[in-house]
Amino acid sequence: MLRVGAKKLAGLVPRDPSSGPVRVLPRLYHERVLDHYNNPRNVGSFDKTDPTVGTGLVGAPACGDVMKLQIKVDEAGKIVDARFKTFGCGSAIASSSVATEWVKGKQMEEVLTIKNTEIAKHLSLPPVKLHCSMLAEDAIKAAVKDYQAKHAKLNGSSDSAEDAPLEKAADA
Amino acid sequence: MASKLLASALRRSSPTTAPPLRRLLSTAAAAAVAEPYEDASSGIVMKGVRISGRPLYLDMQATSPVDPRVLDAMLPFYLHRYGNPHSRTHLYGWESDLAVESARSHVASLIGASPKEIVFTSGATESNNISVKGVMHFYRDKKRHVITTQTEHKCVLDSCRHLQQEGFEVTYLPVRPDGIVDLERLRSAIRPDTGLVSVMAVNNEIGVIQPMEEIGRLCKEFNVPFHTDAAQALGKIPIDVDKWNVSLMSLSGHKIYGPKGIGALYMRRRPRIRVEPQMNGGGQERGIRSGTVPTPLVVGMGAACELAMKEMEYDHRRISALQERLLNAIKEKIDGVVVNGSMERRYTGNLNLSFAYVEGESLLMGLKEVAVSSGSACTSASLEPSYVLRALGVEEDMAHTSIRYGIGRFTTEEEIDRAAELTVQQVEKLREMSPLYEMVKEGMDIKKIQWTQH
């Protein structure tokens, strides 16, 4: 027994690959999460005072997740560009990165149908991380809402006391 | 010695291969490098990134590697001195018993106790269970109240919760913002029916050292047994059970470069403290902890204590310098770095940092080449911020951002420099991505914003 063990240690016995220690270490995150975490798409900010920009800010620092998603919309109501910034775990970063990718080039009404379950499925999020995808869905909605509110204000009668759009989004 | 034995066994079968084997067994590092991963040349794939070697280990509060000298002491007791230390009828039993007793005295002398006061257990968790539940069960007729702190290790808190279910009362003392227990609060919490005060010596998450002597004096004044979980303190700060006036002390082997699965419980003889055993059986360890004493593990823990005794001062100097180096290297490059817990009353091998505006889990995900944790290993799977940091009154958003660096005997300067470099790099990257950092830079007060709670 000892002799076999010693021989094995010394590399005399050809090693059976399946008997060796863990060969491929278990993956803790899905590939897509890792991809979006390592190479996040559309990180950055637009000028939030720009009338063509809608800003959604959701989450709370105390919960460990804050997501800011911005959309840039043309006259036809099409989202031409999107940016995000996220404070949160890797899944939250990946969810928001995916969200910006998905809203680009779509009509505003269209993006409101993006469901958190689709994002969660795309990233294979485990149950404990589902709130990240919900946050992303909320962020999209908040951004659209902010844009619409801004436009209503611009087109309609100029309302009184203007809130900063960011704070307003946070209230939403 | 053990490697010699193995090597001679090997020589009998193949004389040419002794040297590499000997090297494999005698240094942990070499063994780690030689770990036969199938694609060792191309590195290890983890978290989607190929790492060229193993990540550098900075999680010494979770566990420490076995010191090769400890392993050398243990091996003979696996290979040919395998007797049951409780066998009284033959040499195998006698020599094992002798080894166990010598280990017992090494453990005892590291904490200034008598060997008769040491009981071997499976680890600090078991010792804590025996202490908290055992004492209260034994004195259940007269004593109905336990005092502990909010920052204790989970196993003490959970034992207390268990006692509460049985009808005992428990006071969970709050701690000051630096993590230290307020002695006046402790004094006012003691009642005539208080049966135990349990305060850990060194905190596992934030490394703060409690004022043990003062607490001990207070307990003596009120004649209340004092238990301390010293798993993180053993071999790292000087311990004297008489100076601290402790009645019970929980110790662990794998935090001091010993094997996992072994711990010890110190039980004072004068005045005698008594406990109800949690495990019934053959009456080993004076009936406190039945079950065959695992000789190799006990020998390992004894050897680890013996080494700690010799090297505590040297280790402390080295580790303190490394801690300073790490903290300076990080603080030099980035702002918004907060040390959690007192910096003055702290075991220097622990550095628990919060990085403002960066979430801890995503930072951990980015630190692929550094093995650190965001707090205790027991809770690293949950999304809740650390209860220890919350007890300190750390703001919830900061509690989400903590990382614990654990420095140990085998940590090198290169590892520290690399860890600092990678941390700075990741924090900068994530701050670039953080909406909070952006808002703060714009001059907004993020505390004033009405956040939507989820």
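Throughout, a chain's letter reflects where its sequence line sits, starting with A, and its residues are numbered from 1. Heavy-atom basis, side chains included; hydrogens, waters and symmetry copies ignored. Everything numeric here is computed off the predicted structure, so don't read it as measured data.
- The minimum heavy-atom distance linking B:Met433 with A:Pro40 is given by the pair CE-CG, 3.4 Å.
- At most 12 non-hydrogen atoms from other residues, nucleotides or ligands lie less than 6.0 angstrom from NZ of A:Lys121.
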Output, in order, the C-alpha distance, side-chain angles, deciding distance and verdict of side chain to side chain contact (heavy atoms under 4.5 Å, CB included) for B:Met439 and A:Leu57. CA-CA 11 Å; B:Met439 288 154 86; A:Leu57 182 74; 3.9 Å; yes
Can A:Val33 and B:Met365 be said to form a side chain to side chain contact (heavy atoms under 4.5 Å, CB included), step by step? CA-CA 11 Å; A:Val33 176; B:Met365 199 169 156; 4.1 Å; yes
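- Geometric assessment of B:Lys429 against the ring of A:Tyr37 yields a positive cation-pi assignment under the 6.0 Å and 45° thresholds.
- Contacts of A:Val43 with chain B are made by side-chain atoms alone, with heavy-atom separations under 4.5 Å and no backbone atom involved.
- When side chains are defined from C-beta on, B:Leu436 counts as touching A:Pro61, because their heavy atoms get closer than 4.5 Å.
- Identified by a heavy-atom distance below 4.5 Å to chain B, the contributing residues of residues 87-99 of chain A are A:Phe87, A:Gly88, A:Cys89, A:Gly90, A:Ile93, in residue-number order.
- Qualifying ring-ring contact (aromatic ring centres under 6.0 Å, His included) partners for B:Phe355, counting only residues two or more places apart in sequence or in other chains: none.
- Residue contact with chain A, scored on non-hydrogen atoms closer than 4.5 Å, is absent for B:Tyr437.
- Taking a cutoff of 4.0 Å between a charged side-chain nitrogen and a carboxylate oxygen, B:Glu438 and A:Lys48 do not qualify as a salt bridge.
- When the shell of 6.0 Å around CZ of A:Phe46 is examined, it contains more than 12 heavy atoms from other residues, nucleotides or ligands.
- For A:Gln107, the CD atom counts as densely surrounded, since its 6.0 Å shell holds more than 12 non-hydrogen atoms of other residues, nucleotides or ligands.
- Distance check: B:Leu430 CG to A:Lys85 NZ gives 11.5 Å after rounding to the nearest 0.5 Å.
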